[in-house]
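Computation of the quantities below employed the complete heavy-atom set of this structure, encompassing side-chain atoms and omitting hydrogens, waters and symmetry-equivalent molecules.
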Amino acid sequence: MKKIFTLVAAAVMALTVNAKDYKGDLSVTWVGNSLRTQETTISVTEQEDGKYTLALNNFQLAGLGGVGNIVLPNVEGIVDNSGNGKTFLATDQTIEITAGDDPTIEDWLGPRLDEVPVSVKADMTENNLYAVIKIEGFGGIDVVFGDGGYQLPNSGFEEFHKATYTSGKDEYSSDEPNAWHSFNSGIAAGATMFTKLALQNGSTSISEDVRDDANGTKCVKITSSVVWGVAANGTMTTGRMQAGSITPTDAANCAFLDFDNEEVDGNGDPFYTVLNGKPDALTVWVRFQQGADLGDNKYATVSAVITDGTYYQDPEDAKVTYNNVVAKAQNKTIESKDFTWQQLTIPFDYDTYASNNAEAKAILVTISTNATPGVGSKDDKNPDQLYVDDIALVYNAGLESLSIKGTDVTLEEGKTSYEISNLTGELTLDDIVAVSDGKGAYVTKKIEATDGGALVTVKVTSNDLKTVNTWTVNVKGVSTGIDKVETTTENGVQAIYTIDGRQVNTMDAKGIYIVRKADGTTVKVLKK
């Protein structure tokens, strides 16, 4: 029987009580090809039963034709327990796509298919909706609605703008990647000759010297310079550069971000980058060469710091305590390796900054030709060079550990189906402790009764909603009447502690851990 979900039917079934229209950009990939981004509206209606109806009406494949109305009622909504105002929406349904009412579209493709599997994962707040939609019909359509704030803008460094520093009647310009900045768009902390000279030297330029399998045709080249005989590291940042002292190690020389800063760059972008996710790592391609042999100071550096959006600078001022840091990912030992392209994977450290209890709202990424301020080539004709391309934030969706009624499931790489015998008693969702390797991943647990036991299904959705992985465990000997799904955030737990009370982010080492779950209860987990 066809499952027909029209707007009228959905309204009647749901008995809706509250509707919200979200407007934003829709990015569509069809059979592997990216189509033109289009602006559209997704309506989310809260039902009287606490569930939601999502409606993407008049959906089109830009430039290719109309698909129709995609309406999904009875979507479960789980409130994020971290207090950030997010609600996680998830559903997998098979629906009939109905014809839209856009008069410019004569023929709608959707109604040609009887039933179409549609999957939706979404993060919703009062003012923002970020959704990932997968439509299995028509060869496969992947849809991303809204920016989401889960990736760095212009991550392939394909788009540039002109940055200009003005000193008197003189202007000094360079090409800066959109959403990234160097010295020509920086500010001086003091009106000294040194700071003025420092801001005249733009570090970034456009390069087409990309690796063979690059995602685009351009990358950014960062170059060092010399100011008053002092080596000036080539640097770019998602924040804003500040020159404040002739002493390179002075805290007045830094990159900084601050949501209160209302100034914009030459492209009209702010000097900060919004981040709504909790990435597990940062990956980036680099190609590095020093202009002179600097002995032990032979390293370039990449630094990424997640903050709550209040003022933060990198390097930090040693006289200031920064309680607004959420996590850091830093590599200060990037070697040349014969000036070849190399991909770096830099994990984020959340554990060190957990006591700050800061909420992730912004990210400051700073990339420099040397890890030590003021240490670099002093030869203007042979500067340090650092090429950067295809930077990305990584969101994990794996399982770090899984236990059922206190019994560990020995997880093996590539294996997703398991079996446990000799367990007794009633099996409930509280008996299942699933911890993801993704810091902000969503964990869904399901129990279904079977002959002689129960089937446990654990699904992990990455924090950016792009990846979903599923594990099943056939549990013999238990009893259950449950057929229910429970979804939680933050790896399905609120916190993990060692037996001596120290809070940690993962259970990598062997030993006994105390896991506090989202419902406030605690369980003891033995990691063998």
query = If we ignore angles and hydrogens, is there a donor and acceptor under 3.5 Å between the side chains of Thr410 and Asp408?
reply = no

query = Do Gln38 and Thr40 meet the criterion of a side-chain donor-acceptor pair at a distance under 3.5 Å?
reply = no

query = How many angstroms lie between OH in Tyr22 and CD1 in Ile42, if you round to the nearest 0.5 Å?
reply = 10.5 Å

task = Answer yes or no: is there a side-chain heavy-atom contact under 4.5 Å between Lys51 and Glu76?
result = yes

query = Does the pair Glu126/Lys20 count as a salt bridge with the N-to-O cut at 4.0 Å?
reply = yes

task = Please examine the side chains of Ile141 and Thr29, heavy atoms only from C-beta on, and report whether any two atoms are closer than 4.5 Å.
result = no

inquiry  = Salt bridge or not between Lys361 and Asp308? Use side-chain N to carboxylate O under 4.0 Å.
reply    = no

ask   = Under a 4.5 Å cut-off applied to non-hydrogen side-chain atoms, are Leu26 and Thr37 in contact?
value = no

request  = Report yes if some heavy atom in the side chain of Glu115 is under 4.5 Å from a heavy atom in the side chain of Glu96; otherwise report no.
outcome  = no

task = Indicate whether the side chain of Thr125 and that of Asn127 have a donor and an acceptor atom separated by less than 3.5 Å.
result = no

inquiry  = Within this structure, what is the CG-OG distance for the pair Leu427 and Ser479, rounded to the nearest 0.5 Å?
reply    = 8.5 Å

request  = Indicate yes or no: at least one non-hydrogen side-chain atom of Gln47 is less than 4.5 angstrom from one of Thr53.
outcome  = yes

ask   = In Å, rounded to the nearest 0.5 Å, how long is the span from CD of Gln60 to CG of Asp102?
value = 5.5 Å

ask   = Side chains of Asn324 and Thr307: donor-acceptor distance under 3.5 Å anywhere?
value = no

ask   = Can Asp280 and Lys439 be counted as an ion pair, charged N to O under 4.0 angstrom?
value = no

ask   = Near Lys337 NZ, under 6.0 Å, is it more than 12 heavy atoms from other residues, nucleotides or ligands?
value = no

ask   = Taking the side chain as C-beta and beyond, is there a heavy-atom pair between Leu152 and Ile363 under 4.5 Å?
value = yes

inquiry  = Which residue is it: Ile391, Val286, Leu282, Thr283? I am looking for the one with a side chain to side chain contact (heavy atoms under 4.5 Å, CB included) to Leu344.
reply    = Val286

NZ/NE/NH1/NH2 to OD/OE distance under 4.0 Å, Lys23 and Glu39 = no

query = Going by heavy atoms in the side chains, are Leu54 and Val71 under 4.5 Å from each other?
reply = no

task = Ignoring hydrogens and angles, state whether a donor on the side chain of Asp92 or Ser119 is under 3.5 Å from an acceptor on the partner side chain.
result = yes

ask   = Does a sphere of radius 6.0 Å around CG in Asn422 hold more than 12 heavy atoms from other residues, nucleotides or ligands, not counting ones at 6.0 Å or beyond?
value = no

ask   = Have Asp431 and Thr428 got a donor and an acceptor in their side chains that come within less than 3.5 Å?
value = yes

ask   = Any side-chain heavy atom of Tyr130 sitting closer than 4.5 Å to one from Asn276?
value = no

query = Under the criterion side chain to side chain contact (heavy atoms under 4.5 Å, CB included), which of Val460, Asp123, Val468 is the partner of Tyr442?
reply = Asp123

key: Residues forming a side-chain hydrogen bond (donor to acceptor under 3.5 Å, both in side chains) with Asn58, sequence neighbours excluded   = Asp101

message = Under the criterion salt bridge (charged side-chain N to carboxylate O under 4.0 Å, His left out), I'd like the reasoning laid out for Glu316 against Lys328: C-alpha separation, chi angles, the key distance, then a yes or no.
response = CA-CA 12 Å; Glu316 296 178 351; Lys328 293 183 181 180; 2.9 Å; yes

key: Sidechain N-carboxylate O distance under 4.0 Å for Asp213, Arg211   = yes

